[in-house]
Amino acid sequence: MNKFDRKQMAARVAQDIPEGAYVNLGIGLPTLVADYLPKGREIILHSENGVLGIGPRPAKGEEDADLINAGKEPVTLLTGGAFFHHADSFGMIRGRHLDFCVLGAFQVSAAGDLANWHTGAPEAIPAVGGAMDLAVGAKQVLVMMEHLTREGQSKLVERCSYPLTAARCVNRVYTDLAVIDVTPEGFCVIEMVEGLDLETLQRLSGVPLKYQPAARAA
Amino acid sequence: MINKIFATAQTALADVPDGATVMISGFGGAGMPSELIDGLIAQGATDLTVVNNNAGNGDSGLAALIAAGRVRKILCSFPRQVDSWHFDRLYRAGKLELELVPQGTLAERIRAAGAGVGGFFTPTAFGTRLAEGKETRNIDGRDYVLEYPIHADYALIKADRADRWGNLVYRKTARNFAPVMAAAARCTVVQVRETVELGALDPESIVTPGIFVQRVVRLTPMRKAA
């Protein structure tokens, strides 16, 4: 079966980010989206630790320990970028000033509930970071994740079995198999990887999927 | 003449008692006042409650304070990291209490303390296990969780430059939690790279006015690999 690799997933998400958008890219896979934003568009990247206007990764040897992103990786600042303190940074998030955030996930439910901070394992040390603030605050919450767990379980679910990050917050999900909108009627597939049919995707997905290739809500 | 500049970390931290609540600025290593923390370890205060975004990285700074067994409880948003081994060990051994707070709620609870706000309603964490047992309210059709301010006895923060009145400017993303922590603590101690004459900082560019700062120490950071 064909699958989008991580780069193809990132490139697909990047296509949906329009000119002028203020965007927060989550730690891990979503950070890759920055590399695929169309060159002609002016898009402003935000990071929770107090920066707007993140530029490309610095060249080797040019890293500055005082200029990092939320993943604690060295970054650069674009001309026009700005620094601010943590409470202002989360005011931007919670106050609905960000147009998009892109987050990873363990599970997304048909109602748009997101589980991405805790597997529920009793021995796990919990860590939440800014995930709950981003999930309730961004105008559009985009999720990037593998369609299936390593064990082959669908990460699109009827109800999240893992602890919630936020309820009813996800707008669109990008997996390695498909692009799926969360609608009032549940999941609606708008694109699939080449060669995949809805019947196969449905069998893998464990939750009812509708199909509407023309829908472009996000 | 007002002069908030102290000669050494030792004198600036001499009165921190056992059991104090201490805010420590920084996001990972950026903005962490590592040399002040070394001073606190040398000073010996223990049974501390620490407020920081993380729970220490590697073996220096906050991680060293934790490793020294001085921390009883930590309030943070993201303790678990690849290099948080000192926290992990003590937490699993039941020797370190954790209050996990979403990052924006942590920042706002600190801000609320400094701004004299008795509590606030936030949509963050509503309906999740981090809001269990907390008061909630529906305001204009949206659900919120009641959160309370976090006050501190001391804040140990890092800035780039200061004058003798305690006015501060920061450097890049090392600013992070420092301005809100400075306002939330009864006594704010700042580690700076450079002290300058009064008037040398542009009044339009001062980020933390000296009213939020009690003590300033110039400390040269030990350069470490990023």
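The chains referred to below are lettered A, B, ... by the order of the sequence lines, with proteins before strands, and numbering in each begins at 1.
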Is atom [atom1] of [X] surrounded by more than 12 heavy atoms (other residues, nucleotides or ligands) closer than 6.0 Å?
| X | atom1 | value |
| --- | --- | --- |
| B/Arg137 | CZ | no |
| A/Tyr22 | OH | no |
| A/Glu42 | CD | no |
| A/Lys7 | NZ | no |
| A/Lys3 | NZ | no |
| B/Lys95 | NZ | no |
| A/Arg159 | CZ | no |
| B/Ile211 | CD1 | no |

Among [options], which has the most heavy-atom pairs under 4.5 Å with chain A?
| options | answer |
| --- | --- |
| B/Leu100, B/Leu98, B/Asp88 | B/Leu100 |
| B/Asn53, B/Asn54, B/Leu106 | B/Asn54 |
| B/Ala55, B/Pro179, B/Gly127 | B/Pro179 |
| B/Ser77, B/Ala174, B/Ala107 | B/Ser77 |

Do [X] and [Y] come within less than 4.5 Å of each other through their side chains, counting heavy atoms only?
| X | Y | answer |
| --- | --- | --- |
| B/Lys172 | A/Val51 | no |
| B/Thr128 | A/Thr165 | no |
| A/Ile125 | B/Tyr91 | yes |
| B/Val207 | A/Phe83 | no |
| A/Arg94 | B/Thr124 | yes |

State the [atom1]-[atom2] distance between [X] and [Y], to the nearest 0.5 angstrom.
| X | Y | atom1 | atom2 | value |
| --- | --- | --- | --- | --- |
| B/Asp83 | A/Lys72 | CG | NZ | 9.0 Å |
| B/Asn176 | A/Glu48 | CG | CD | 12.0 Å |
| A/Phe90 | B/Gln103 | CZ | CD | 3.5 Å |

Let me know if [X] has heavy atoms under 4.5 Å from chain A in its side chain, its backbone, both or neither.
| X | answer |
| --- | --- |
| B/Tyr170 | neither |
| B/Thr105 | both |
| B/Arg80 | both |

**Prompt:** Where does A/Asn69 contact chain B at under 4.5 Å (heavy atoms): side chain, backbone, both or neither?
**Reply:**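 Only the backbone of A/Asn69 comes within 4.5 Å of chain B.
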**Request:** Using non-hydrogen atoms and a 4.5 Å limit, figure out which bit of A/Leu67 sits close to chain B: side chain, backbone, both or neither.
**Result:**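 Interface part for A/Leu67: both.
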Top contributor to chain B interface from [options] [non-hydrogen pairs under 4.5 Å]:
| options | result |
| --- | --- |
| A/Pro126, A/Ala87, A/Gly50, A/Ala166 | A/Pro126 |
| A/Leu164, A/Val136, A/Val75 | A/Val136 |
| A/Leu134, A/Leu77, A/Ile68 | A/Ile68 |

**Message:** So that I can tick it off, tell me whether B/Arg171 and A/Asp64 are bridged by a salt bridge, with the cut-off set at under 4.0 angstrom between side-chain N and carboxylate O.
**Reply:**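 The answer is yes: the pair qualifies as a salt bridge.
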**Request:** For the residue pair B/Phe27 and A/His86, categorise the inter-ring angle as parallel (less than 30°), tilted (30 to 60°) or perpendicular (more than 60°).
**Result:**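 Plane angle between 30° and 60°, so tilted.
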